[in-house]
Every structure is written in C-alpha cells, then in structure tokens.
Amino acid sequence: MAQSAPLKARARVREFALSLPGTAEEFPWEEDAVVKVNKKIFVFLGSEGNAESPGISVKLKDEEVHGHALAVPGAAPTGYGLGRHGWVSVPLTGESAPAEVLCDWVEESYRTIAPKRLVAELDAR
C-alpha cells in the first residue's frame, strides 16, 4: 500500500531528526515515538501508522519561526502546558508546511534542546 503524503512527511522528519548528532528514538507511550538528544525530547512524532491525524510537535523559541508554525492550518500550542514553553503541534495534512520547512523546525527545536557541543558538531558538518 502506498504511503500517504502526511505519512511520507512524518517519515522524512523522523529520518532527518535521527540524522542529527547524538539523537535516539524512543517510545515512551507505547507506539508514540519521540526523538531525544541528551535524554531530552526535541520532537514528538506520534504514532508511525497514524493516518487519521498525523502530526509533530517541536519547541520553537524564535518568535518569527514560532508564529510561522502556528500559521499552519490546524497548528496550535502543544497541550499539557508545553505550549507556554514554546512547543507547537503541527498537523501533517495536505495544508501542512513542506517537509523541508518541517525539518527546519525540527533543527530549530534540536538547537534549543541539544548541548552546545552537539550543536557545534552539527554546525561543523
């Protein structure tokens, strides 16, 4: 069965997140995946097979980037109080941002959470 565009976007974001220095994928809530750096989550990926409402959540400190992410139809501050700390939940729909932009947001989130030495390693690439 062919993968839908939202699930392809999720796969691309996952692959990109795992390519960053010092990252690891974990499943703290059964099938819901997160990618961590230094034991801290920098992207929530949700469930791999979630074709109903796929989406990602990232931490965006830059106000302009944060505003851009919130402008995506259906995007909202992340629940559980994370939104007030800069976390944004972005649905992966046909109206979502292109995968390249999603990956930029993942990198921004990574840079916010990762230790300086890993950010320096990324910059040296």
Side-chain angles (χ1 to χ4, degrees):
M1 183 171 105
Q3 228 181 6
S4 69
L7 293 181
K8 283 182 186 171
R10 182 199 181 277
R12 174 113 185 263
V13 166
R14 176 185 174 274
E15 182 180 324
F16 175 77
L18 290 171
S19 75
L20 299 169
T23 60
E25 184 176 40
E26 292 185 13
F27 298 87
W29 303 283
E30 300 195 19
E31 73 275 354
D32 287 347
V34 299
V35 182
K36 292 182 173 184
V37 60
N38 202 33
K39 298 184 180 158
K40 294 181 182 175
I41 297 170
F42 69 95
V43 61
F44 291 87
L45 294 170
S47 173
E48 184 176 3
N50 181 1
E52 296 297 310
S53 59
I56 64 167
S57 294
V58 287
K59 186 171 187 173
L60 302 172
K61 287 283 196 184
D62 181 282
E63 283 184 43
E64 190 175 324
V65 175
H66 190 266
H68 185 225
L70 283 173
V72 171
T78 303
Y80 305 105
L82 293 171
R84 60 176 184 260
H85 298 288
W87 285 89
V88 180
S89 294
V90 181
L92 300 177
T93 64
E95 301 163 5
S96 187
E100 297 77 32
V101 173
L102 294 170
C103 290
D104 286 347
W105 294 342
V106 167
E107 183 175 333
E108 173 80 20
S109 187
Y110 173 87
R111 288 176 178 279
T112 300
I113 305 238
K116 287 184 172 97
R117 67 180 170 76
L118 291 176
V119 172
E121 187 180 320
L122 176 61
D123 289 339
R125 284 186 179 180

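The structure presented is a predicted model; accordingly, all values stated were derived computationally and were not measured. This chain uses plain numbering: 1 for the first residue, then up along the sequence.
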Between [X] and [Y], what is the shortest heavy-atom contact and its length?
X	Y	result
A97	W105	CB-CH2, 3.8 Å
G22	L118	CA-CD1, 4.3 Å
P115	V37	CD-CG2, 4.2 Å
A75	A69	CB-O, 3.2 Å

Which side chain to side chain donor-acceptor pair (under 3.5 Å) pairs, counting each pair once, include a residue from [range], with sequence neighbours left out?
range	result
residues 18-28	R14-E25, E26-K36
residues 75-91	S57-S89, T78-S89
residues 68-77	none

task = Kindly work out whether a path of hydrophobic side-chain contacts (I/L/V/M/F/W/Y, heavy atoms less than 4.5 Å apart) joins L92 to L7.
result = no

query = Hey, quick one: are W29 and F27 part of the same hydrophobic cluster, counting side-chain heavy atoms closer than 4.5 Å, chains of contacts allowed?
reply =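 Different clusters.
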
Contacts of type side-chain hydrogen bond (donor to acceptor under 3.5 Å, both in side chains), residue E121, not counting sequence neighbours =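 None.
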
ask   = Residues two or more places apart in sequence or in another chain: which of them pass side-chain hydrogen bond (donor to acceptor under 3.5 Å, both in side chains) with E15?
value =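 side-chain hydrogen bond (donor to acceptor under 3.5 Å, both in side chains) list for E15, sorted by chain: empty.
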
inquiry  = List the residues meeting side chain to side chain contact (heavy atoms under 4.5 Å, CB included) with L122, not counting sequence neighbours, and say none if there are none.
reply    = L20, P21, E107, Y110, R111, R125

inquiry  = Restricting to side chain to side chain contact (heavy atoms under 4.5 Å, CB included), what partner residues turn up for E100, sequence neighbours left out?
reply    =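 Scan of E100 (side chain to side chain contact (heavy atoms under 4.5 Å, CB included), adjacent residues dropped) gives R12, P98.
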
key: Non-hydrogen side-chain atoms of E48 and E31 separated by less than 4.5 Å   = no

key: Pairs where residues 55-66 contributes a residue and the test salt bridge (charged side-chain N to carboxylate O under 4.0 Å, His left out) is met, not counting sequence neighbours   =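 Checked against salt bridge (charged side-chain N to carboxylate O under 4.0 Å, His left out) - neighbours excluded - no pair reaches residues 55-66.
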
Below 3.5 Å, can you tabulate the donor-acceptor pairs from side chains in residues 39-47 to any protein atom, sequence neighbours excluded?
none

